[in-house]
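Here is the structure we will look at.
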Amino acid sequence: MATAEKQQFGSDPVACRDSEHYQQEYIEGFVDKWDQLIDWESRAESEGDFFIDVLRRRGARKVLDIATGTGFHSTRLIEAGFEVVSCDGSPEMLSKAFENGRLRDHILRTVQVDWRWLNRDIHEHFDAIICLGNSFTHLFSENDRRKALAEFYATLKHDGLLIIDQRNYDAMLDHGYSSKHTYYYCGDNISVYPEYIDEGLARFRYNFPDESVYYLNMFPLRKEYLRRLLREVGFQKVTTYGDFQQTYRDTEPDFFIHLAEKS
Ligand code: SAM
């Protein structure tokens, strides 16, 4: 069920810097539009088999999609033969993911859970966890980030892999925003840009063709900071790709993808 008709950010939207707030941002109207924004076909084409190849190279079989959203990666991985459990803290997102799965003849195994308390509901161990689509930047405090990463770590098998991505906030903070919109948000006639950014908040505005407007308030994670946190919670090796390439110039990629190996 939708929690509200309109997104609510309070009287001063740039003061809204709260790890719980994602629950109120993914309201039904926005969730319904999410697939226009990400455009499954173009996204599948642009990312190719990057994640599938990484997972296969590691011999992964059981994968936990920790930020399922509308189910794009869960569905792709099921179709590629992986055993997938699909989590998200937003019931609206999970119900859309389930519906999208049904349309493709899949029954997604969905679990509604906040990352910070993942182990309360997820008791299995996985070969890999994916946290994709700039999701981790919904967490605003370092405690929340450490807690969530520790829960991910504990949910992985001893040789498990965490794949976590993020927008290139360093470039936005240091050089201003520019995006090729090639890899992630591929929908036509939709504009996405940070309406406001400082070291503690990136407030993104999403304009849709029917003139509806939605926002997401995110924490602008710096790349080296996240790499450090990953190592500090125990991941032994962290490899970072820029827009799916291992070689990149720091200001160029839209997205970074970190592969964090437990051993
Ligand atoms: N991975 C999907 C994609 O790429 O299309 C969805 C990305 S969407 C930007 C971020 C997702 O993370 C949302 O579905 C949101 O509900 C979820 N999320 C954010 N914070 C969370 C938390 N603390 N616990 C669980 N899920 C969370």
Side-chain angles (χ1 to χ4, degrees), residues 2-3 7 16-28 30-44 46-47 50-51 63-77 84-101 108 110-122 129-152 155 162-167 169 181 183-187 190 192 194 202-206 214-221 254-257:
T3 47
Q7 290 180 312
C16 180
R17 299 166 184 225
D18 179 2
S19 299
E20 320 293 330
H21 200 262
Y22 73 96
Q23 292 276 3
Q24 291 155 60
E25 294 175 13
Y26 293 105
I27 57 168
E28 204 173 10
F30 191 24
V31 168
D32 283 341
K33 293 212 161 50
W34 191 259
D35 289 332
Q36 278 180 43
L37 173 69
I38 63 175
D39 186 338
W40 284 33
E41 266 178 42
S42 318
R43 190 175 183 186
S46 65
E47 72 175 39
F50 179 87
F51 297 112
V63 181
L64 182 65
D65 183 356
I66 204 78
T68 297
T70 56
F72 173 77
H73 285 107
S74 288
T75 305
R76 284 210 78 196
L77 294 183
V84 181
V85 174
S86 307
C87 291
D88 201 289
S90 157
E92 282 80 13
M93 279 298 205
L94 274 187
S95 95
K96 178 57 93 183
F98 193 79
E99 192 184 311
N100 281 335
L108 261 55
T110 54
V111 183
Q112 194 234 325
V113 61
D114 190 289
W115 304 323
R116 292 164 291 173
W117 297 281
L118 183 68
N119 293 270
R120 282 188 198 162
D121 292 288
I122 298 288
I129 293 180
I130 58 170
C131 181
L132 300 176
N134 198 40
S135 299
F136 196 68
T137 72
H138 274 291
L139 296 176
F140 276 89
S141 80
E142 180 158 324
N143 269 351
D144 288 335
R145 279 174 223 123
R146 286 186 184 278
K147 171 126 184 66
L149 289 178
E151 297 273 315
F152 298 172
T155 308
L162 169 65
I163 310 181
I164 187 165
D165 74 2
Q166 60 166 117
R167 280 183 179 274
Y169 288 112
H181 293 307
Y183 294 103
Y184 278 73
Y185 299 119
C186 309
I190 297 161
V192 183
R203 177 168 164 81
F204 281 90
R205 180 182 168 122
Y206 298 77
Y214 294 91
Y215 291 90
L216 289 178
N217 279 17
M218 320 287 266
F219 178 81
L221 275 178
D254 273 353
F255 272 77
F256 293 116
I257 301 152

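Whatever order the structure lists them in is the order used to number ligands and atoms, beginning at 1. Any value given below was found using the heavy atoms of this structure, including those in side chains, with hydrogens, waters and symmetry copies removed.
Atom numbering of ligand 1 starts at 1 in the shown order; those under 4.0 Å from a heavy atom of M93 are 14 (O). Short contacts between ligand 1 and H138, defined as distances under 4.0 Å to a heavy atom of the residue, involve ligand atoms 10 (C), 19 (C), 20 (N). Those atoms of ligand 1 that come under 4.0 Å of a heavy atom in S90, given as number and element, are 16 (O). The L132 neighbourhood of ligand 1 comprises atoms 1 (N), 2 (C), 4 (O), 7 (C), with distances under 4.0 Å to a heavy atom of that residue. Numbered from 1 in the order shown, with element, the atoms of ligand 1 that lie under 4.0 Å from a heavy atom of G89 read 25 (C), 26 (N). Atoms of ligand 1 found under 4.0 Å from any heavy atom of G133 (numbered from 1 in listed order, with element): 4 (O), 7 (C), 9 (C). With ligand atoms numbered from 1 in the order given, ligand 1 contributes 1 (N), 2 (C), 6 (C), 12 (O) to contacts under 4.0 Å with heavy atoms of A67.
Of the heavy atoms in D114, both backbone and side-chain atoms come closer than 4.0 Å to ligand 1. Only the side chain of R43 comes within 4.0 Å of ligand 1, counting heavy atoms alone; its backbone N, CA, C and O stay farther away. Contacts between F72 and ligand 1, counted as non-hydrogen atom pairs separated by less than 4.0 Å, are absent for every part of the residue.
With hydrogens and angles left out, the side-chain atoms of N134 and Q166 include no donor and acceptor closer than 3.5 Å. Side-chain polar atoms of D35 and N100 form a donor-acceptor pair below 3.5 angstrom. In summary, the side chains of D65 and S86 do not present any donor paired with an acceptor at a separation below 3.5 Å, with no hydrogens or angles considered.
Ring centroids of F219 and H138 are separated by 6.0 Å or more, keeping the two rings apart. Between F30 and Y206, the ring centre distance stays below 6.0 Å.
Taking only nitrogen or oxygen atoms, main chain and side chain alike, W34 reaches within less than 3.5 Å of ligand 1.
R203 forms a cation-pi arrangement with Y215, by the criterion of a distance under 6.0 Å to the ring centre and an angle within 45° of the ring axis.
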